[in-house]
J.: 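Structure provided below as C-alpha cells; questions to follow.
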Amino acid sequence: MQLYSIASGSSGNCNYIGEENKGILIDVGISMKKVKAALEEQNLSLNQIDAIFITHEHTDHISGLGPVLRKFPIPVYATADTIQAIWEKTNMNNISPDLFHSISSDEELEIEDMIVRPFSISHDAVDPVCYTVEKAGKRIGVATDMGTYNDVIIEHLAQCDSLLIEANHDINMLQVGPYPYSLKMRILGDKGHLSNDASARLIKEILHSDLQHISLGHLSKENNFPDLAYQTVRYELEQSETWNKLDTDLMVANRDMPSRLLKI
C-alpha cells in the first residue's frame with residue numbers, strides 16, 4: 001500500500017492511495033494537469049485510477065473534478081448531499097450523472113481489493129466525511145477539514161499504518177493575521193479546522209506501535225509554516241511516553257506539490 005500526497009493545503013487537495021499500478025484518489029482540488037504530472041512521476045496515469053472519493057464540496061477539494069471526468073470516466077463516490085452540492089456549484093456539463101455513487105458514513109465499501117471506510121467529520125459543508133483505506137491488513141487514513149474530533153474519528157484512525165492528518169493553522173498567527181473576524185471565528189470553531197495544537201492532541205490519542213508515518217496536511221498559507229507545524233506537533237508528542245518508544249516518521253505534506261511517496 002502507498003500514500004502519495006499530490007497536494008495538501010488550503011488552496012488544493014488531492015491524495016493517491018493504492019499500489020504501484022492502480023489505486024484511488026481522495027479529492028481532486030487541483031488542476032487535471034497537476035494530477036497527471038504528479039501521477040506520471042510515479043509511473044501512473046489517470047487510466048489506472050479505479051475511483052475518486054470526495055470528502056466534501058469545497059472548491060479546494062473538487063476544482064479539478066469536472067475536467068478529469070470529461071477525459072476519464074472514473075466512478076466518483078461521495079455522500080448524497082455532497083454529490084448534489086457538487087452538481088449545484090460546479091460545471092458538470094458533458095459528464096454523466098451515472099458516474100456518481102452515493103455513500104453513507106460508517107458503511108464500508110470495496111473497490112477492487114481495497115476496503116474504503118467513510119466516517120463523518122465536523123466541518124461547514126453539507127455532509128463531510130474522511131476516509132480510511134485498507135488492504136491486506138494495512139490501513140491508510142486521510143483526515144483533514146475537521147473543526148474538532150470525537151471518539152468515532154479516533155476509532156477510525158487508531159489502527160492506521162500511515163496517516164495524513166490536518167494541522168491547518170497556528171492559533172496565534174490566525175488571531176493576529178489579516179483575516180476578517182468572522183473568518184477567524186469560522187476556522188477556530190467546531191466546524192472549522194484543526195490547529196497545530198489540536199492536531200498534536202489527536203495524534204497522541206491514536207499512537208500505536210504499527211504507525212509508520214504521520215503526514216501533517218492541509219496547512220494554511222497565511223496562518224502556518226511547515227516548520228512551525230512540525231515543531232509544534234513534535235514538541236507535544238515528545239511529552240508522550242508512547243511517542244518516545246516509537247519509530248514513527250513525522251513529516252509535513254507539501255501544500256501545492258507532491259510529497260514523498262510513503263510505502264507501507
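On a predicted model such as this, the values are computed, not experimentally measured, just so you know.
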J.: Look up atom CG in N254 and atom OG in S8, then write down how far apart they are to the nearest 0.5 Å.
T.: 9.0 Å

J.: Are Y16 and Q2 close enough that a side-chain donor and a side-chain acceptor fall under 3.5 Å?
T.: no

J.: Are F225 and M173 side-chain neighbours, meaning at least one heavy-atom pair lies under 4.5 Å?
T.: yes

J.: Regarding K138 and E134, does a basic nitrogen lie under 4.0 Å from an acidic carboxylate oxygen?
T.: no

J.: Side-chain donor-acceptor pair under 3.5 Å between S220 and R255, yes or no?
T.: no

J.: I'd like to know if K135 and D161 make a salt bridge, using a cut-off of under 4.0 Å between side-chain N and carboxylate O.
T.: no

J.: Regarding N196 and H169, do their side chains bring together a donor and an acceptor under 3.5 Å, going by distance alone?
T.: no

J.: Do the side chains of V233 and Y235 join up, straight or via other hydrophobic residues, at under 4.5 Å, putting them in one cluster?
T.: no

J.: With H61, which of T144, T82, D27 fulfils side chain to side chain donor-acceptor pair (under 3.5 Å)?
T.: D27

J.: Run D190 and T148 through side-chain hydrogen bond (donor to acceptor under 3.5 Å, both in side chains) and show every step you take.
T.: CA-CA 5 Å; D190 283 350; T148 186; 4.6 Å; no

J.: For the SG atom of C160 and the NE2 atom of H213, what is their distance to the nearest 0.5 Å?
T.: 12.5 Å

J.: Go through the side-chain N and O atoms of H193 and E166 and say whether any donor and acceptor fall under 3.5 Å apart.
T.: yes

J.: When you check the side-chain N and O atoms of N13 and D60, is any donor under 3.5 Å from an acceptor?
T.: yes

J.: Any salt bridge linking K89 with E57? Criterion: basic side-chain nitrogen under 4.0 Å from a carboxylate oxygen.
T.: no

J.: Do N172 and D170 get their side chains close enough for a donor-acceptor pair, meaning under 3.5 Å?
T.: no

